[in-house]
Number of protein chains: 2
Amino acid sequence: MMNARRVTSQDVADAAGVSRTTVSLVLNKVQGAKIREETRQRVIAAARELGYVPDAAARALVSRRAQIIGLVLTRRPDQVTSDGFLTQLLDGLLGVIKQSGLRLLIEIVDPEHQKEAYLELIRAKHIDGVILSGPRYDDDALRTLEEEAFPVVLLGQLPDTNHYSVDINNRVASRIAVEHLLGLGHKEIACITNADLSYTAATERLIGYQEALEAAGLSLNDELVGYGDFSPESGYAAMMELLGRDVRFTAAFIASDEVALGAQAAIRECGLRVPDDIALVGFDDLPLSRYMDPPLTTISVPAVQLARQASTLLIKLLKGEKFYERHVVLKSPLHVRESCGAKLSN
Amino acid sequence: MMNARRVTSQDVADAAGVSRTTVSLVLNKVQGAKIREETRQRVIAAARELGYVPDAAARALVSRRAQIIGLVLTRRPDQVTSDGFLTQLLDGLLGVIKQSGLRLLIEIVDPEHQKEAYLELIRAKHIDGVILSGPRYDDDALRTLEEEAFPVVLLGQLPDTNHYSVDINNRVASRIAVEHLLGLGHKEIACITNADLSYTAATERLIGYQEALEAAGLSLNDELVGYGDFSPESGYAAMMELLGRDVRFTAAFIASDEVALGAQAAIRECGLRVPDDIALVGFDDLPLSRYMDPPLTTISVPAVQLARQASTLLIKLLKGEKFYERHVVLKSPLHVRESCGAKLSN
DNA sequence: ACGCGTTACTAACACGTGTTAGTAGTATAG
DNA sequence: CTATACTACTAACACGTGTTAGTAACGCGT
């Protein structure tokens with residue numbers, strides 16, 4: 001039915017009355033090549049006329065560049081459903097990558113069953129470089145990649161490796177969040193993690209919480225810790241469980257705004273008020289957070305910036321520019337709104 | 001430093017003491033091929049031993065299949081930042097696509113400057129098929145693709161074309177949403193669109209709103225219509241503007257939950273209450289909507305299902321199975337919560 | 001007339017795979 | 001004993017491009 005046979009560079013060459021080599025030289029604007037201006041125009045005209053677009057596969061095969069960057073997420077698909085952080089990353093990544101004429105391929109890897117599945121993606125040279133968001137301690141593939149010197153940039157960090165990374169300081173940010181609550185007079189502060197502790201960020205944030213309490217001379221209580229799983233549902237469930245336990249707390253640090261959204265609803269449904277009964281501090285500063293009721297006090301993670309820097313860095317690596325700052329750390333200040341009960345000055 | 005030279009099928013052939021053809025036949029499990037079991041095992045062992053992974057580009061070149069599906073979004077990157085619908089799509093798409101051994105490439109196209117940029121993606125055979133989310137009336141590239149019989153599945157609909165599509169009935173859903181408000185006694189109902197009217201879904205939803213009013217014998221008032229732009233910010237701004245105008249309304253239909261989130265905050269900041277002063281009905285039923293305060297009454301769009309069906313359909317098209325139902329329409333019932341002020345029976 | 005350098009190209013190889021056509025070797029039928 | 005059929009492979013081409021090495025044509029100095 002269709003099949004108007006592909007237009008190849010040979011067709012362009014024939015139309016312009018030159019060789020295929022010349023077509024390639026002209027269209028790729030090769031520097032050293034001496035081509036008469038008149039010929040050049042003739043080739044360009046012929047290419048436009050025929051609607052010639054170079055074949056990506058052929059080009060990738062010979063140039064050994066797929067012109068594709070992979071975004072690897074070690075999650076189950078359903079953990080992506082309500083991920084407000086991911087969309088911010090996409091904003092940043094797509095903007096930068098597009099500008100460089102590259103494409104973004106998104107690969108999701110089930111952390112339980114096939115942690116290392118993305119290695120095949122790389123071996124097949126489907127992608128030129130990887131941005132990995134949310135590294136996990138148990139990701140052995142990442143260590144393998146380090147040996148192979150494959151271009152990788154982490155959005156997050158993985159101890160014991162020397163991968164390029166762009167991140168915030170999760171531990172310090174959490175400390176600041178919790179210290180803010182301590183400063184408001186709270187002594188019993190619960191915590192709900194953003195994800196399970198295989199994720200380095202989740203562990204770091206929990207440690208930050210613990211450090212803040214210890215520094216204030218308070219003892220840790222496992223009963224005050226709940227576990228989230230990226231989603232509002234998990235926050236709802238975790239908060240419900242905390243409220244059902246035999247512990248009292250007047251504040252909670254929730255290491256993800258998405259999770260905090262559910263937790264806040266749970267508090268509300270139990271007839272309690274934020275911040276009067278329970279003060280809340282979140283983490284991420286998603287676009288939605290300022291529209292919550294009350295607006296959520298949270299750690300402001302510059303997600304779009306992180307993604308921009310990570311992709312910019314990766315693109316430089318692909319161009320062969322080495323020896324950059326290996327670990328970029330962006331600022332993540334506390335954004336005080338109303339959920340923590342602090343008096344806003346202005 | 002690195003460069004352990006790629007392992008090719010020739011290397012496997014040498015190691016196994018057979019020809020490259022045999023390697024190909026074995027590893028691709030070609031049906032008609034007669035291969036002795038012992039040889040087969042030898043090849044498989046050699047391949048595993050050497051860590052052989054076929055080169056994606058070479059394979060794509062010869063097989064004319066990139067094994068990649070493109071997800072095209074006609075938006076600016078910053079319009080993706082807080083798109084809770086997109087993450088649901090990714091959930092559905094990634095699940096299905098992964099299972100079929102394909103990959104997902106995500107392409108974002110600025111609707112103002114380069115509407116048709118994704119045509120190049122297709123011409124270059126970078127992708128085998130396209131899922132296009134949120135078609136626009138002014139998308140001429142889509143009409144071109146129809147002539148070329150390139151595999152396309154729309155998440156949404158585009159009049160005057162016969163592309164495969166998976167969608168809900170936006171117009172009817174909106175009518176139902178607005179009729180619900182009418183049934184609660186509201187006579188002055190505002191509307192905020194989910195996006196500008198170039199998007200077919202935005203227009204359809206607005207028409208549904210208008211049809212409901214007209215069917216109830218009410219007159220339309222342009223002053224009661226505001227325009228959103230995917231984001232909570234836009235909903236906040238639009239609602240603020242509506243509240244500042246010289247019109248009264250006791251309810252609002254907001255054609256996107258994401259936008260409704262901002263609108264609800266605006267209402268709150270003006271000292272008004274939902275649903276007592278202004279009843280609210282949204283559209284999408286994002287995961288976050290049930291956690292809003294009050295929980296949002298909204299049209300329940302089965303986003304994950306839409307994505308699953310769209311990708312399943314596209315994959316079938318790629319396999320050459322034609323003649324399927326061209327336009328799949330899924331149900332999108334009203335999900336009554338509290339923001340509309342209806343008494344909940346249960 | 002000859003060598004030499006420059007200009008404006010082109011022939012031919014390489015990239016790594018899938019696949020078609022073919023070929024020795026052995027079993028089976030007449 | 002010969003013709004046929006089948007088994008278990010392999011040689012060689014094709015996919016469409018980037019690039020290296022090379023070549024005619026021409027001007028120029030001696």
Side-chain angles (χ1 to χ4, degrees), chain A residues 3-44 46-47 50-67 101 120 122-126 128, chain B residues 3-44 46-47 50-67 101 120 122-126 128:
Chain A
N3 244 6
R5 206 175 68 60
R6 258 196 79 74
V7 177
T8 78
S9 65
Q10 184 64 61
D11 298 332
V12 177
D14 293 347
V18 296
S19 77
R20 215 173 50 67
T21 306
T22 303
V23 172
S24 174
L25 294 177
V26 169
L27 297 184
N28 293 328
K29 305 194 178 89
V30 176
Q31 287 301 327
K34 317 277 183 186
I35 307 284
R36 223 185 313 159
E37 180 58 20
E38 186 252 341
T39 317
R40 222 176 61 84
Q41 293 303 336
R42 205 145 32 88
V43 170
I44 291 175
L50 297 175
Y52 170 66
V53 178
D55 184 283
R59 179 176 276 197
L61 178 57
V62 68
S63 73
R64 324 183 104 140
R65 282 290 167 107
Q67 307 286 21
E120 192 185 312
I122 288 162
R123 295 276 147 71
K125 294 201 307 185
H126 235 118
D128 302 327
Chain B
N3 243 5
R5 206 177 65 61
R6 259 197 80 72
V7 177
T8 78
S9 64
Q10 185 64 62
D11 298 333
V12 177
D14 293 348
V18 297
S19 75
R20 215 173 49 68
T21 306
T22 303
V23 172
S24 173
L25 294 177
V26 169
L27 296 184
N28 294 326
K29 304 192 180 93
V30 177
Q31 287 301 329
K34 316 278 181 187
I35 307 283
R36 222 185 314 156
E37 180 59 19
E38 185 253 341
T39 318
R40 221 175 61 84
Q41 292 303 337
R42 205 148 29 92
V43 169
I44 290 174
L50 297 174
Y52 170 66
V53 178
D55 183 282
R59 180 177 275 193
L61 178 58
V62 68
S63 74
R64 323 184 103 143
R65 283 290 168 106
Q67 307 286 22
E120 193 186 312
I122 289 161
R123 296 275 146 72
K125 295 203 304 184
H126 236 118
D128 301 327

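Any value given below was found using the heavy atoms of this structure, including those in side chains, with hydrogens, waters and symmetry copies removed. Every chain is numbered from 1, with letters handed out A, B, ... down the list of sequences.
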Just so I know, are the side chains of T8(A) and D55(A) near enough to count as touching, which here means a heavy-atom distance under 4.5 Å? no
Without decimals, in angstroms, what is the distance between [X] [atom1] and [N] [atom2]?
{"X": "R36(A)", "N": "dT10(C)", "atom1": "CZ", "atom2": "P", "answer": "10 Å"}
{"X": "E38(B)", "N": "dT7(D)", "atom1": "CD", "atom2": "P", "answer": "18 Å"}
{"X": "R42(B)", "N": "dC9(D)", "atom1": "CZ", "atom2": "C1'", "answer": "11 Å"}

Return the CZ to CG distance between R65(B) and D128(B), rounded to the nearest 0.5 Å.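 The distance works out to 5.5 Å.
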Do R40(B) and E37(B) pass the salt bridge (charged side-chain N to carboxylate O under 4.0 Å, His left out) test, and can you show the C-alpha distance, the side-chain angles, and the key distance before you say yes or no? CA-CA 5 Å; R40(B) 221 175 61 84; E37(B) 180 59 19; 3.1 Å; yes
Show the numbers, then the answer: is there a side-chain contact (heavy atoms from CB on, under 4.5 Å) between R6(B) and R64(A)? CA-CA 11 Å; R6(B) 259 197 80 72; R64(A) 324 183 104 140; 5.6 Å; no
For dT10(D), take OP1 and OP2 only and decide whether either is under 4.0 Å from a side-chain N or O of T22(B).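 Yes.
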Does dT7(C) have its OP1 or OP2 closer than 4.0 Å to a side-chain nitrogen or oxygen of K34(A)?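 Yes, K34(A) has a side-chain N/O under 4.0 Å of OP1/OP2 on dT7(C).
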Under a plain distance cut-off of 3.5 Å, with no hydrogens placed, do S19(B) and T22(B) share a side-chain donor-acceptor pair?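 Judged by distance alone, the side chains do pair up.
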In B/S/- notation (B base, S sugar-phosphate only, - none; protein heavy atoms under 4.0 Å), nucleotides 15-23 of chain D written 5' to 3' is BBBBBB---
Under the criterion side-chain contact (heavy atoms from CB on, under 4.5 Å), which of I35(B), V12(B), L25(B), T39(B) is the partner of V18(B)? T39(B)
